[in-house]
Structures are given as C-alpha cells and as structure tokens.
Amino acid sequence: MDRIDLRSDTVTWPTVEMRKAMAEAAVGDDVYGEDPTVNQLEADAARRLGKEAALFVSSGTMGNLAAILAHCGRGDEAIIGDKSHTFEHEVGGMAALGGVQPSLIPVQADGTLPLEAIRHAIRSEDVHYPTTRLIALENTQGSVGGIPIPKPYIDVVGALAHENGLLLHIDGARLFNAATALDCDVAELVAAADSVTFCLSKGLCAPVGSVLVGSHEFIHRARRVRKMLGGGTRQAGMLAAAGLIALHEMTGRLGDDHANARLLAEGLSELPQIDIDLDRVQTNMVFFSLRDDAEISAPELAERLKAHNIWIMAMDERQFRAVTHYWIRPEHVIEVLVALQEELS
Ligand code: TLP
C-alpha cells in the first residue's frame, strides 16, 4: 500500500497472489449456480464454519441484511446490541427493507449483551406484541474495541434462542480475528448460531465480498433475498478467487495483526498525552484518546498525521480508532509512534 492506513482493515489492498488468482479464475454465471470458483468458495466456507451451506455476498452489510430478511418477516422483532454495526452502521436496512423492528440491548464493555436483558426482551404471546424472531450478536464486537466474544457465552445465547423458538445470527465480520484471539476453532465458536456472516474484505485482504453460512434451507431463502437486493452477480469467480486465498491463507496470519496492535497500544501507553486501556486491546483494534490537557483535537491531529503519510480515524473530538492489518508491519507502528510523539510534543 502507498500509505500507513490505520483507519480500518477495510482499506487493505488485495495481495499479489490474489490479483494473479483473480486474473486466472475459472468463471461461469453465478446466478445459474455455474461459477466453479464461487461454488468452491461457498463449499469451503460452509465446511470451515461447520454449516451446511454458504452464500457469497458483496459485503458484510448485504450478508447481515440477507440473513435478517431470510429469518424474519415484516413486523417481527430482532434482539440486537445498541452499538452493533447492524443497528448503527447499516443504514437501517433491517427496518427499511425488511420491516424488522430492532429490540435494543445495551452492549457491555466486554462486548456481550446481558443475558437477563435478552431474556426480558423475548416477547410472550400477546395480541399487542410483535413476534420476537431473532437474536443477533457481533464477534468481534467492534464498537467496544474489537473484543472477541467467547464460545461459552455464544452457546448460552444460542440455547436461550432455541429454547424460545428463536434463531441466532452472528455478524462475524471479524470472526477469524475472534477465533485467533480466543485460540478456538472457528466452527466450534459459531456452533450455536443458525447463521453467520464473515467478511473476506477486511483483515483477510480480499477486494470484495463476505460469506453468509447456515442450513441448506436458510441459504436457499437467503439466495432469493440476495437476488431481490440486486446482489445476484454473474462471473463473480473473479472475486471469489481472492476470497479463497483470504479463507485459506490469510486467516492463519491474523495473530501478526494482533501483535502489531499490542505493539502500538503499548507504545501509546508511554505517551503522556494519551489515555489507553491496554486490557481492551485483544485483537486488531486500538482505541485511544487524548487527555483533557492535550491542546489539539483528535480530528486536527489526524489531519496533521497525513503529512507523515499516516491515516488514522478520529472517532470524535478526543477519541481515535487504529486498526492493524496485513499491510501494517512493526516498522510502520514505530513510525506512527514517532510521528505522534513529534506532533504532541
Ligand atoms: N465496518 C467498517 C465501517 O462500516 C464502520 C469498519 O471500518 O469497521 N459488521 C461489522 C462488525 C463491521 O465492522 C462492518 C464494517 C460490517 C459489518 C459491514 O461490512 P461491509 O463494509 O462489507 O458492508
């Protein structure tokens, strides 16, 4: 990449191997189910996540939306975190396009939704009430710092869902980061879920795409929703070819990104103008803020860093988010720390 870009892991460029695989990909018409590379990606992704079937979609947003629309009908309710990406950053798609009402539960600092609050939110049968249909979790939970949600909690939420005739969806945009941090097999991690979305295009470096997994019957319905959303693509094998490399070769190296996030976090903790909670740095995200006495705002500092070829996200007047990924090496982290020290002194 041509800059040190820590704004997100979505900024990653495809690797050289991906570009080559894309150029050489075997293709067909995927709406007819005839693209061999897409079919391989879907089969491999389903197997890897321990589910029956998978659907290649153009984004994490589309995967979550297709899942919600395939699980829920209009007027149904989905129990979901108030700081979840699906609720906050997906343009209200579940309500706008699915007529699905979110029932919001506060996301805790550890990324979980309190079990008692979930229990309380499940509607009983009453002529006045909407029908609760779905519980949705996010793993890693981005808004609280990319915190991985462990299997025992997911299993309990899955059991709670199923005992009450509900379904469990996981927005696993960074699911492989969670599995890496928890040192847990990814299929075991999501065993309790009825559907899972994971992104190929974040830390895994593919240029486009996410995968939605679940039962054969669910994926059949989700495929129809994807078509309705205009997401039925033709020679998508060009994209799936990069996705296959993402799935098979890039998932194993995410620990490097986590180590770089830790390196950055520890360096930041030495800077007197910065506040950071090191315990919250568990995957590839580093949230930190300027102390009250720092004489510069976060957006101003982010702007100044561009002169050092460093891009970082100011979340508000004081807070930043930095996300490590394949294109960030330890020497880049050192460059960032030196530039910050220079700008803050
Ligand atoms: N997140 C992006 C932005 O949209 C905020 C980022 O830079 O982190 N689920 C989660 C947990 C996500 O973080 C994202 C993207 C999505 C879903 C949506 O994925 P895309 O961008 O592929 O639609």
Side-chain angles (χ1 to χ4, degrees), residues 1 5-14 45 55-69 78 80-94 96-97 102 107 111-113 136-149 154 169-179 181 189-190 193 195-213 222 225-226 229-231 233 236 239-240 242-243 246-247 250 254 257 261 282-287 302 311-316 319-328:
M1 278 178 66
D5 197 338
L6 292 157
R7 288 172 301 166
S8 182
D9 46 10
T10 61
V11 303
T12 45
W13 290 3
L55 181 70
F56 184 44
V57 290
S58 48
S59 66
T61 300
M62 183 181 277
N64 291 330
L65 182 60
I68 292 170
L69 268 60
I80 188 163
D82 64 344
K83 294 195 204 89
S84 64
H85 192 278
T86 300
F87 176 66
E88 291 238 279
H89 296 285
E90 295 175 15
V91 208
M94 63 193 283
L97 303 175
V107 173
T112 63
L113 312 181
L137 299 176
E138 183 176 313
N139 200 6
T140 63
Q141 172 56 245
S143 58
V144 293
I147 305 286
I149 311 296
I154 298 174
H169 173 70
I170 297 179
D171 172 2
R174 297 182 180 85
L175 185 69
F176 286 94
N177 293 86
L189 188 57
V190 298
S195 60
V196 184
T197 310
F198 72 92
C199 293
L200 302 162
S201 64
K202 298 192 168 58
L204 305 184
C205 277
V208 177
S210 292
V211 183
L212 175 62
V213 300
V225 173
R226 184 188 70 172
L229 296 172
T233 46
L239 301 171
L247 180 65
M250 304 300 277
L254 294 171
D257 299 343
Q282 297 179 25
T283 59
N284 67 333
M285 289 192 183
V286 183
F287 281 49
W311 293 59
I312 197 159
M313 188 183 276
M315 310 280 283
D316 56 32
Q319 225 201 149
F320 296 96
R321 183 185 81 163
V323 187
T324 55
H325 51 74
Y326 176 82
W327 296 96
I328 301 295

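Heavy atoms only: backbone and side chains are in, while hydrogens, waters and symmetry mates are out. When a ligand or atom number is given, it counts from 1 through the structure's own listing order. In this text the structure is predicted, and so the values were computed from the model without any measurement.
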Report the residue from His325, Lys202, Arg174 that forms a side-chain hydrogen bond (donor to acceptor under 3.5 Å, both in side chains) with Asp9.
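With Asp9 as partner, His325, Lys202, Arg174 yield a single side-chain hydrogen bond (donor to acceptor under 3.5 Å, both in side chains), made by Arg174.
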Residue from Glu138, Glu90, Gln141 passing side-chain hydrogen bond (donor to acceptor under 3.5 Å, both in side chains) with His85
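Only match with His85 under side-chain hydrogen bond (donor to acceptor under 3.5 Å, both in side chains): Glu90.
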Kindly print each ligand 1 N/O atom paired with any protein N/O atom under 3.5 angstrom away, one pair per line, or none if nothing qualifies.
residue	atom	partner	partner atom	Å
ligand 1	1 (N)	His85	NE2	3.2
ligand 1	4 (O)	His85	NE2	2.8
ligand 1	7 (O)	Ser8	OG	2.7
ligand 1	7 (O)	Arg321	NH2	2.9
ligand 1	8 (O)	Arg174	NH2	2.9
ligand 1	8 (O)	Arg321	NH1	3.1
ligand 1	8 (O)	Arg321	NH2	3.4
ligand 1	9 (N)	Asp171	OD1	3.2
ligand 1	9 (N)	Asp171	OD2	2.6
ligand 1	13 (O)	Arg174	NH1	2.9
ligand 1	19 (O)	Lys202	NZ	2.9
ligand 1	22 (O)	Gly60	N	2.8
ligand 1	22 (O)	Lys202	NZ	3.3
ligand 1	23 (O)	Gly60	N	3.4
ligand 1	23 (O)	Thr61	N	2.9
ligand 1	23 (O)	Thr61	OG1	2.6

All ring-ring contact (aromatic ring centres under 6.0 Å, His included) counterparts of Phe56, not counting sequence neighbours
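In terms of ring-ring contact (aromatic ring centres under 6.0 Å, His included), with neighbours along the sequence ignored, Phe56 is linked to no residue.
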When rounded to the nearest 0.5 angstrom, what distance separates CG in Asp82 from CD in Glu88?
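Output value for this atom pair is 7.0 Å.
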If the test is side-chain contact (heavy atoms from CB on, under 4.5 Å), which one of Val196, Thr86, Thr197, Leu137 qualifies with His169?
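When Val196, Thr86, Thr197, Leu137 are each tested with His169, the side-chain contact (heavy atoms from CB on, under 4.5 Å) holds only for Thr197.
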For a quick check under 3.5 Å, do Asp257 and Asn177 share a side-chain donor-acceptor pair by atom type?
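Judged by distance alone, the side chains do not pair up.
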